[in-house]
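Any value given below was found using the heavy atoms of this structure, including those in side chains, with hydrogens, waters and symmetry copies removed.
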Amino acid sequence: MRCSQADLFDEDNAERNKLPESRRVSIRQRLEATLARLEAAATFPWSDPLDAVHEENRFQRDAKMLGEEGAALWARFDKEMDRLYATQG
């Protein structure tokens, strides 16, 4: 008999779909504001690289809550971070 255990850290699509629209709007607005700040930055905006890691983790976690829409926002974020990391050097 094969046993299966759910991944404790995997996002449950049913839970994501239960996210109230007001919360989705709040998350979307925060992610868009972060993207606008990064897109406007000419150089890496953090003096401490650990702050960048924290922002990446937070952005990714919140983007996952938005499903496909969040995946598109994450792709934009990732592109901007690559550009900004390239200015370090």
Can you name the nearest heavy-atom pair linking [X] to [Y], along with the distance?
X     : Y     : value
Leu84 : Ala42 : CD2-C, 4.4 Å
Leu73 : Phe59 : O-CE2, 3.6 Å
Ala52 : Met81 : CB-CE, 4.2 Å
Thr43 : Thr87 : CA-OG1, 3.7 Å
Leu66 : Arg24 : O-NH2, 3.5 Å

* Please tell me if the side chains of Val25 and Arg28 come closer than 4.5 Å, counting only heavy atoms from C-beta onward. => yes
* To do: Could you name each residue pair satisfying salt bridge (charged side-chain N to carboxylate O under 4.0 Å, His left out) that touches residues 33-55, not counting sequence neighbours?
  => Arg30-Glu55, Glu39-Arg76
Measuring from atom [atom1] of [X] to atom [atom2] of [Y], what distance do you get when rounded to the nearest 0.5 angstrom?
X     : Y     : atom1 : atom2 : value
Ile27 : Arg23 : CD1   : CZ    : 4.0 Å
Leu31 : Met65 : CG    : CE    : 10.0 Å
Asp62 : Trp74 : CG    : CH2   : 11.0 Å
Asp78 : Arg83 : CG    : CZ    : 13.0 Å

* On the 0 to 90° scale, with breaks at 30° and 60°, tag the Trp46-Phe44 ring pair as parallel, tilted or perpendicular. => perpendicular
* Structure fact -> For Glu56, the salt bridge (Lys or Arg N to Asp or Glu O under 4.0 Å) test, sequence neighbours excluded, returns none
